Amino acid sequence: MSDREAAYIKSIILESERIEDSLDIRNSVTDFDIFENLNKPYLTASMIFVDTSSVLEGVDILGGETVTFIIKSLKNDETTEIIKKFYITKIVKSVHTGDGTEVDVIHLTEDIAYISNLFNINKSYTGKRSTIISKILQNNFDRSLTVKGEDINSTKVIIPNLNPIESMIWLKETASTVDGYPFYLYAKLVGEDLEFSDLGTLLSESPINPNQPFVYSKLAKNDSLFENRIKSIMNYQVGVSENLFELIQMSLIGSKQQYIDVLTNKTNSYNFDIQKDLLSKLRQKEVISTDQKRLPFSESFKIDDVSFNKLQSRTITQIGGAGAFRDTSDTYLSYNEANTVGEYRLKTISRAMDQIIKKAPIQVIVEGNDFIDGDDNYAVGRNIELLFHKADQDKVEEGDDIDLKKSGKHLIFATRHMFKKEKYDVSLSCVKIASNDSTT
């Protein structure tokens with residue numbers, strides 16, 4: 001069996017309360033994609049359905065039917081089935097071909113998100129944000145939350161007329177660790193639980209392939225013997241990147257930040273400096289290693305001999321907390337409230353870290369047989385080693401053949417699992433904070 005045949009689609013079941021029997025439409029689906037993203041606590045999917053027997057007309061699709069995918073890797077007998085249930089959210093496009101066949105492109109949303117859209121929450125909660133999210137998840141979907149990292153401060157909130165998924169995302173937005181790492185709440189193709197992890201924890205974990213990086217090389221593409229000895233990157237694309245101009249506009253390079261306490265009429269002010277408040281601390285915590293000298297910002301950029309990060313390019317004023325839920329022990333803070341100026345500063349650090357990690361994304365396409373064993377998550381939220389060779393053959397001959405900017409350990413921020421009848425590939429959207437300055 002080749003790697004290209006490593007994913008077996010056991011069945012694709014179409015069901016509805018409006019039809020008597022479920023239908024296995026596997027043979028009519030030519031392609032389907034499943035999407036994971038660190039910013040989404042649910043999966044989405046799309047599929048191409050080739051209808052030669054007026055199936056969709058007979059079922060009378062209205063947008064509330066379910067599609068269940070059952071997938072199993074054929075690498076060995078130890079792999080586990082992956083079962084994921086989606087709701088049809090819309091038919092994106094229908095095309096009639098000359099032979100009477102209809103080709104439909106269908107968009108799907110994981111059941112947890114579709115069901116969430118039917119309910120709303122108007123309720124008071126107290127505790128850590130991770131604790132509140134776990135309660136909402138358990139009470140509404142009977143699912144568990146895996147927590148990695150500790151969010152600071154307990155809060156008391158009244159969920160403001162949001163559905164369960166919106167409520168959890170709303171709470172996640174103001175969660176950070178004591179070091180200012182933002183949290184991500186996301187779903188995975190493997191496993192039913194959601195994960196609530198801080199960026200520092202995610203970045204510190206070992207890559208899934210420490211001794212065998214995925215390699216993009218002109219030699220590997222042209223030499224079949226070479227290709228068999230490595231895991232190849234079939235294609236890659238660099239998206240919108242190095243958007244320093246936008247980061248300045250977002251007040252995340254150098255700025256003055258103010259939070260107004262309307263109860264005491266006191267303004268908590270601080271200056272934010274990306275070098276001092278973020279990058280140097282990442283170096284101290286060894287999130288950025290001593291080998292990684294290529295940082296996402298340089299103090300060499302100056303105006304009138306003043307570095308960009310020393311210029312207060314924006315003044316941002318926000319309404320902070322008013323102590324509405326505090327008791328004598330100051331246990332609970334309101335949604336956007338902090339105890340000290342230092343804790344308010346963590347909010348800006350958290351926003352900056354979220355944007356900096358996405359400053360130079362790269363999208364790679366690799367064979368998918370390493371990602372669906374079913375025993376664990378090997379995609380979104382995991383780290384992966386990538387190695388890019390330079391295209392310049394003169395550099396290769398001189399031994400200076402590694403593209404340092406693109407190569408290294410990356411965090412998988414989003415994944416597109418691409419299932420076709422003839423193969424299974426994955427497209428990985430990868431990010432990192434810094435790059436090595438040499439190959440040693």
Side-chain angles (χ1 to χ4, degrees), residues 35-44 109-110 112-113 115-117 119-141 143-188 191-203 205 250 252 318 320-321 325 332-338 343-358 377 380-382 411-415 429 431:
F35 301 88
E36 304 169 299
N37 193 299
L38 280 183
N39 284 325
K40 289 186 175 181
Y42 57 92
L43 306 176
T44 57
T109 298
E110 192 179 5
I112 185 175
I115 294 170
S116 174
N117 203 36
F119 300 95
N120 77 341
I121 297 177
N122 290 282
K123 187 176 179 180
S124 174
Y125 288 92
T126 58
K128 298 273 189 178
R129 286 164 175 79
S130 56
T131 303
I132 299 173
I133 291 172
S134 182
K135 289 179 181 177
I136 294 173
L137 188 62
Q138 181 68 35
N139 293 340
N140 290 277
F141 308 109
R143 291 202 189 185
S144 300
L145 184 71
T146 299
V147 179
K148 295 181 180 179
E150 184 176 357
D151 51 313
I152 62 168
N153 293 335
S154 295
T155 186
K156 183 172 183 178
V157 294
I158 300 174
I159 302 295
N161 198 30
L162 302 174
N163 70 45
I165 290 288
E166 291 171 337
S167 301
M168 293 188 292
I169 293 174
W170 180 70
L171 288 162
K172 180 266 299 183
E173 292 298 325
T174 54
S176 75
T177 69
V178 69
D179 294 312
Y181 296 116
F183 276 85
Y184 297 100
L185 177 66
Y186 57 98
K188 302 160 292 187
E192 289 297 307
D193 61 314
L194 298 190
E195 189 152 318
F196 185 67
S197 299
D198 74 271
L199 182 58
T201 299
L202 293 177
L203 292 174
E205 292 184 344
M250 297 167 67
L252 299 178
Q318 301 180 62
F325 298 121
Y332 299 116
L333 304 176
S334 57
Y335 177 75
N336 204 34
E337 189 176 11
E343 289 182 2
Y344 277 113
R345 187 190 299 272
L346 291 179
K347 298 178 182 293
T348 309
I349 293 173
S350 179
R351 287 179 53 233
M353 201 175 303
D354 175 63
Q355 293 299 318
I356 282 292
I357 192 68
K358 296 180 286 190
N377 167 46
V380 67
R382 297 297 301 271
L411 174 67
I412 302 173
F413 201 91
T415 308
S429 296
V431 296

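What you see is a predicted model; the values in this text were computed from it and never measured.
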Pairing residues for [X] by the salt bridge (Lys or Arg N to Asp or Glu O under 4.0 Å) criterion, not counting sequence neighbours:
X: Glu173; result: none
X: Arg351; result: none
X: Lys40; result: none
X: Glu195; result: Lys148, Lys188

Where do [X] and [Y] come nearest, in terms of heavy atoms and distance?
X: Leu203; Y: Ile357; result: CD2-CD1, 4.0 Å
X: Gly381; Y: Tyr186; result: CA-OH, 4.0 Å
X: Asp198; Y: Gly149; result: OD1-CA, 3.1 Å
X: Leu171; Y: Tyr335; result: CA-CE1, 4.4 Å

(message) Pair Lys135, Thr131 - check side chain to side chain contact (heavy atoms under 4.5 Å, CB included), show working.
(response) CA-CA 6 Å; Lys135 289 179 181 177; Thr131 303; 4.0 Å; yes
Listed by chain and number, what are the side chain to side chain contact (heavy atoms under 4.5 Å, CB included) partners of [X], not counting sequence neighbours?
X: Arg345; result: Tyr270, Asp277, Ile349
X: Asn120; result: Asn122, Asn161
X: Ser167; result: Ile121, Ile136, Ile159, Leu162

Close side-chain approach of [X] and [Y], heavy atoms under 4.5 Å:
X: Met168; Y: Leu145; result: no
X: Lys358; Y: Leu411; result: no
X: Leu194; Y: Ile112; result: yes
X: Phe141; Y: Ser116; result: yes

Who pairs with [X] by side chain to side chain donor-acceptor pair (under 3.5 Å), at least two apart in sequence or on another chain?
X: Thr126; answer: none
X: Ser176; answer: none
X: Asn140; answer: none

(message) Can you list everything that forms a ring pair (Phe, Tyr, Trp, His ring centres under 6.0 Å) with Tyr181? Sequence neighbours excluded, please.
(response) none
(request) Could you give me the CA-CA distance, side-chain angles and deciding distance for Tyr42 and Glu36, then say whether side chain to side chain contact (heavy atoms under 4.5 Å, CB included) is met? (result) CA-CA 8 Å; Tyr42 57 92; Glu36 304 169 299; over 6 Å; no
(request) Any salt bridge (Lys or Arg N to Asp or Glu O under 4.0 Å) involving residues 123-132? Give me the pairs, sequence neighbours left out, ordered by first then second residue. (result) Lys128-Glu150
(message) Please determine whether side chain to side chain contact (heavy atoms under 4.5 Å, CB included) holds for the pair Trp170 and Val157, giving the CA-CA distance in whole Å, both sets of side-chain angles, and the decisive distance to 0.1 Å.
(response) CA-CA 11 Å; Trp170 180 70; Val157 294; 4.2 Å; yes
